[in-house]
Amino acid sequence: MKMSKLFVQTLREFPNDAEAISHKLLVRAGYIKKLTSGIYSYLPLMQRVIAKVSKIIREEMNAAGAQELLMPFVQPSEVWEKSGRWEVYGKELARFSDRHGNKMCLAPTHEEVITSVVSGTFTSYKQLPVNLYQIQTKFRDEIRPRFGLLRGREFIMKDAYSFHTSQESLDEEYENMARAYKRIFERCGLETKMVQSDSGAIGGSVSHEFMVLTSTQTGENDVFYCEECDYSANSNHAVSILNVEETDGAKFGYSEEKLVDTPNVKTIEDLAKFLKIDSNCILKAVLYVADSKPVLVMIRGDREVEETKLLNAVGALEIRPATSDEAYEFLGCEAGYLSFLGIDKNKVKVIFDKSAKGMKNFVVGPNEPNKHLVGYNFKEEYDFIDVALVKEGDLCPRCKKPLKVTRGIEVGNIFQLGTKYSKPMNATYTDENGQDKPFIMGCYGIGVTRTAAAAIERYHDDFGIVWPKEIAPYHVDVVPVNTEDKEQMEVALKIYNKLLDEGIEVVIDDRSDRAGVKFKDSELIGFPYRITVGKTISEGLVEFKDRKTGEVEKLGYDEVVEKCKELLLN
RNA sequence: CGGGAUGUAGCGCAGCUUGGUAGCGCACCUCGCUUGGGACGAGGGGGUCGCAGGUUCAAAUCCUGUCAUCCCGACCA
């Protein structure tokens, strides 16, 4: 490809509306162009990266025994009503009506359609298991799209769905996919961590996410992991053993139940200071609204509620913290002094977090203003449920060593769906005994465009993108320093043509710009290797530069071609 | 949804307070010069100043509304 003809416009400055480094670089280096919030055109360079990632995915999925198909992006409401998700999915599902007034939507995922495709096509246990996948555009109308391709509204996803006659068969395929995913990301040059996770809107029981670990910035998930054993989990799923298992207010002189004045003391921090007690000896009350009904969470003062866990615990569709006004409305008390004590349990659901178990002589709100109860002890048995966010330093649930936390970008996930979709949609096969049984299903996703963006988050420097060579849009950039110099151009073209003949993906920067411009662009775009054809041709040499290591070698014309072959063709 | 900010040429921005012919840098076109790290000179093209309404002799500028984009937060009592 001639650089002078490549459809790309690099920018001297970073775009104003980008935050994440991958977003900034993708725009500046001319890979993507925004059409509207969270929706981008993939320009030729990007399209090549997408094709590379897709190719790796296809090869590994096919090798793992899956078959590719392609399903509709526009779907009728019927299948979604059948599965029960038309009501449940919320505003992320982009809905519209066709000209006949039929309710339609843009596909955010394909469980419904694949289930209807398989149902009635494979009807015998003899034909199972089967795993089908596609690589396709998805649309999710995110509340707040951001970070460019990391959280767009429109994005490209590989989604696979497997159908089984038994849990054992599903387990096997789940492991098979986990192995395939590991290989896919490795081949993309990405190190990933497989972590336990919540199964979210897709549903099901067992699920894992593949995370690209990032130091700080753009990872949108907290991942807790143990360095001793291999335990690791998304914060929405992580469990821990509290490092202080039992707390006793008696240590601070509160061994007797008593109502004390705490005027205008509303936060846990202030209360701990006011009473001269550790916050883990206070039982905190947090009021939520779950599907417009109040839920009061009682949790140890040094802990925070993990909303996804709470959502699952109460089986709600939507959950949010209550406002102060709502606190007054539901509990008849101003916020700051709320409690499970003295409230109507038929009106307000109360959940006790696991962290509250074993607390003694603790401080708790009395559900009346400007007072707190000290030295309180539970007077009946409660069910303690885990709805708390793990903290760094908590102990690993497996080996009891302190947990660490890091940020991660979720590039893939695998779920065991069971019969969540097949049952309501009445999708069945006939078993050995002639009986109809619902399919047992699994599903497996990879964000193709997000994977590319994650690679940039992970691999870049001050000059631009440093692509892993497996997913770089081109491998080699041949730069004649002075295009007016006939000899330089001749050598550059010779090398370029030879590389082309060898099947190496190469660009020749035949623009008449000065060398500096071409070098800057080369580094910004992130070609893994650059061959500079300049003054050294007087000695029959050209310069070979590795983008990643920065190493430079002077090589003869044939030598440099051999070097590229060696590095790029196996 | 709540709060904040911003909409002026493809990109980055100034101009708005105090109304009076729409500007700068990059990019683009032409000519010259230059060619190993984002050169230089001269000339040139490109903008309904987000949109709608209002005030005014006159609005990018003032007023009202509206749309869009970005950031923060989404209540832990």
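Lettering of chains follows the sequences in order, A, B, ..., and the numbering in each one begins at 1.
A/Ala285 comes within 4.0 angstrom of a base, heavy atoms only. Residue contacts for A/Lys518: at a heavy-atom cut-off of 4.0 Å it reaches no nucleic acid atom on any strand shown. At a threshold of 4.0 angstrom between heavy atoms, the contacts of A/Ile268 are confined to the sugar-phosphate backbone, with no base atom among them.
In this structure, A/Arg153 atom CZ and B/A68 atom C1' are separated by 11 Å, rounded to whole Å. A/Phe147 has its CZ atom 12 Å from the P atom of B/C70, to the nearest Å. The distance from atom CZ of A/Phe14 to atom P of B/C11 is 17 Å, rounded to the nearest whole Å.
The aromatic ring centroids of A/Phe362 and A/Phe378 lie less than 6.0 Å from each other.
A/Cys564 and A/Val476 make their closest contact through SG-CG2, 4.0 Å (heavy atoms, listed as atom of the first residue, atom of the second, distance).
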Its contact letters, B for base, S for sugar-phosphate only and - for none at protein heavy atoms under 4.0 Å, make nucleotides 33-39 of chain B read -BBBBBB

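Rounded to whole Å, the separation between the P atoms of B/U64 and B/U55 comes to 15 Å. Of the P atoms belonging to B/U17 and B/A22, the separation is 16 Å, rounded to the nearest Å. Separation of the P atoms belonging to B/C24 and B/U34 is 28 Å when rounded to the nearest angstrom. For B/U56 and B/C28, the C1' atoms lie 39 Å apart once the distance is rounded to whole Å.
When the nucleotides B/C76, B/C1, B/C70 are ranked by their closest atom to the side chain of A/Tyr288, B/C76 comes out on top.
Side-chain nitrogen and oxygen atoms of A/Arg144 include none within less than 4.0 Å of the OP1 or OP2 phosphate oxygen of B/C1.
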